[in-house]
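One-based numbering, in listed order, for ligands and for the atoms of each.
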Amino acid sequence: MKKPTRVNHPPPIELAADNRPVIAPIYQSVKFEFDTLEETERYLRGERPGFFYSRASNPTTRQLELLLAELQGREECLVTASGVGAVAQALLALTKQGDHILCFVETYNPTRYLIRRLLGRFGVTHSMLSIEDAAGIERALAAHPTRLVWFESPTNPVTKVADIGAITRLAKSAGALVAMDNTFAGLHQHGEYDIDVFVHSLTKYASGAGDVLGGAVIGRGDLIRSMRTDFGMLGGTLDPHAAYLILRGLRTYFVRYQAQSASAQRIAELLASHPAVARVHYPGLPSHPRHELARAQMKDFGTIVTFDLKGGAEASGRFADALQLFAMTASLGSTESLVVTAQMMGGRDLSADQQAISAITEGTVRLSIGLEDIDDLIADVTQALSA
Ligand SMILES: *Cc1c(COP(=O)(O)O)cnc(C)c1O
């Protein structure tokens, strides 16, 4: 074999069956082959398991899918190149022309765009209500045959808590599928509710490190398998290297989520007792309008603390500029703390009524609490409040 040939066919390394890596290797290969054409054909006819082309499936992304399904308490999972990819591909796979979606003002901005603008172009209609409008949900489901109810809890950014039991009961009795973007609450929460499809941005808590994008759609085996071909053809597949980084992040998921939630509780309490603060939104505070519901639904209240400064936009700008340990940028759930002000939040697509429902004011600030020492975080927030 000449050397230009050899570099394309390097020496194979075979491990004995009793000799395994502790960490599964990254299968950074687009293609897989079988020994014979007969076995290749058996695979292509679905008569044997295996891997063939990584847009359809890959051992590293498959390991992540199986782990995520188990964490969320369901049978199957499909991973995607970003959280928005998971939202978009799930919406496309679950709806067709003429279907109606019930969704909420308190929904991640790109999800609102996908339902209103993108699916709207294909003849999918929607109703958009407040997540707290139980009577409206009942009326909307009675007025329109509904394919899908799509919601989040806690909501972004003001951490409203959805009554998941009530929403799933109403949706099921109307014959609608229920999809929940569970990114904020995380993979260890809400699995006991009658949710058909969970969607997650893995970019946030699953990875934790803020260095990789990913998304997941998780649910019953038959339902998720029915979506697999659409997902493969839409092509937003997660790369095996990204899947590996997310698998690595998940090793510390539980300790991170719990430690960061405990710090968030402390920061929320600090803010609630400060004279410059008009209102604090955190499900773990007894002053949260649905604190009792949150206690019944959640194990951990999460790492997002949102509050309104009495001084409005001017005060929130000075507060954000004065913070030293908080990066002023989008996203959440990473080990470093982050800050976003109302001026950085979307919502320009909302009507005045809808903006009132969204509860974002000029002085609204959202903190994502990281893994820094809690004393340093308290000192930083305290000095920024005095600024
Ligand atoms: C961030 C986020 C997404 C989108 O995730 P990306 O990985 O950034 O594409 C979807 N839903 C919620 C609730 C999010 O916070």
I'd like a table of the close N/O pairs between ligand 1 and the protein (anything under 3.5 Å), one pair per line with both atom names and the distance.
from	atom 1	to	atom 2	distance (Å)
ligand 1	5 (O)	Ser201	OG	3.0
ligand 1	7 (O)	Gly83	N	2.8
ligand 1	7 (O)	Ser201	OG	2.8
ligand 1	7 (O)	Thr203	OG1	2.5
ligand 1	9 (O)	Gly83	N	3.1
ligand 1	9 (O)	Val84	N	2.8
ligand 1	11 (N)	Asp181	OD2	2.6
ligand 1	15 (O)	Lys204	NZ	2.8

Note, [X] side chain near [Y] side chain (heavy atom, < 4.5 Å):
X      : Y      : value
Asn58  : Phe32  : yes
Thr111 : Phe151 : no
Lys31  : Tyr53  : yes
Leu202 : Leu68  : yes

*Would His200 and Gln72 count as having a side-chain donor-acceptor pair, cut-off 3.5 Å?*
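Short answer, yes.
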*Between His100 and Thr146, do the side chains contain an N or O donor and an N or O acceptor separated by less than 3.5 Å?*
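Yes, because at least one side-chain N or O of His100 sits under 3.5 Å from a partner of the opposite role on Thr146.
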